[in-house]
Amino acid sequence: MTTKQKTIIVTGASQGIGAAVANLFLHRGYNVVGTSRKISQKNELQPSEKLALVDGDIGLASTAELIVGTAVKRFGSVDALVNNAGIFFAKPFTEYTAEDLRALSSTNLYGFIHTTQLAVKQMLSQKSGGSVVSITTSIVDHPLAALTASFPMITKGGIDAISRSLAMEYAPQGIRVNVVAPGVVDTPLHKNNPKDFLRTLSPLGQISDAKDIAEAVFYLTQASQITGEVLHVDGGAHLGRW
């Protein structure tokens, strides 16, 4: 008996958490479609015949069409999706601009919607279920006074909310929708932030590695009885004051 090889789409896959996710799934036997604006020019992915790369702005519907089309044409299916692409920057609330909101919405919200809609449509046509896991952040529900990020939380909080709704909507078709909510992760996003300060942002006093987040994503992708879940990988920061 043969087992069909599954195909996963990973957005924002050129570096950081996205690259760690894509590499882990490649290592564990998945076909992977990785995407970012210029992923074919520069990335941290291991070369593989099971890897397809798609360049493009995730905020555009045309990019989503190319991503899902590539998965189906190259590998024959879409079995899982990881919505990792996102942007984040902290400012006082009164200093955010309309352009900031447009940029955050384009990547974090439109990118989620365009790609998830097409991936779910493909999963429905396959009639074999599927998994959607999105990366948000622990501070959606548990803000930190030291990190003022109100505008990004509009978008990340929206992904938490829609994921719960989609989990309920598509449960009858076996499509599971979950979220991984990291705390501080050692990625290029924090390259200019003092490590000693970053360690104070969780009770464990540690900075997560991108591989920690990738393992959580893999778990939720494989966990057949988990849907509508927000899995915090934040060193306990969501528990409250420490």
Could you measure the distance from the [atom1] atom of [X] to the [atom2] atom of [Y]? Nearest 0.5 Å is fine.
| X | Y | atom1 | atom2 | answer |
| --- | --- | --- | --- | --- |
| Ile67 | Leu53 | CD1 | CG | 11.5 Å |
| Leu66 | Leu60 | CG | CG | 11.0 Å |
| Lys91 | Thr148 | NZ | OG1 | 10.5 Å |
| Glu49 | Leu26 | CD | CG | 12.0 Å |
| Leu104 | Phe89 | CG | CZ | 4.0 Å |
| Thr107 | Ile58 | OG1 | CD1 | 8.5 Å |

Counting only N and O atoms by type, is there a donor-acceptor contact under 3.5 Å from the side chain of [X] to the main-chain atoms of [Y]?
| X | Y | answer |
| --- | --- | --- |
| Asp55 | Ser40 | yes |
| Trp242 | Thr200 | yes |
| Asn23 | Ala20 | no |
| Asp234 | Pro182 | no |

Checklist entry - So do the side chains of Met153 and Ile139 get within less than 4.5 Å of each other, counting heavy atoms only? => result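 In contact.
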Item to check | Thr7 vs Arg74, side-chain contact (heavy atoms from CB on, under 4.5 Å): CA-CA, chis, key distance, verdict | outcome: CA-CA 10 Å; Thr7 300; Arg74 175 82 176 268; over 6 Å; no
Checklist entry - More than 12 heavy atoms of other residues, nucleotides or ligands under 6.0 Å from NZ of Lys211: is that the case? => result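 Not buried by this count: 12 neighbours or fewer within 6.0 Å.
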Next on the checklist: Taking atom OH as the centre, does Tyr110 end up with more than 12 heavy-atom neighbours from other residues, nucleotides or ligands that are less than 6.0 angstrom away?
Outcome noted: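 12 or below, so no.
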Next on the checklist: Quick test of your reading of the model: are Glu215 and Arg28 salt-bridged, counting only N-O distances below 4.0 Å?
Outcome noted: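 Salt bridge: yes.
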Checklist entry - Could you walk me through whether Leu124 and Ile175 pass the side-chain contact (heavy atoms from CB on, under 4.5 Å) check? => result CA-CA 8 Å; Leu124 290 171; Ile175 298 173; 3.8 Å; yes
Next on the checklist: Suppose we screen for ring pair (Phe, Tyr, Trp, His ring centres under 6.0 Å). Which residues come up paired with Tyr30, at least two apart in sequence or across chains?
Outcome noted: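 Here the qualifying residues are Phe25.
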Checklist entry - For Ser77 and Lys4, does a side-chain donor sit closer than 3.5 Å to a side-chain acceptor? => result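 Per modelled atom types, Ser77 and Lys4 side chains form a pair under 3.5 Å.
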Checklist entry - Going by distance alone, is a donor N or O of one side chain under 3.5 Å from an acceptor N or O of the other, for Asp100 and Thr97? => result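 Checked: Asp100/Thr97 side chains pair up, N/O donor to acceptor below 3.5 Å.
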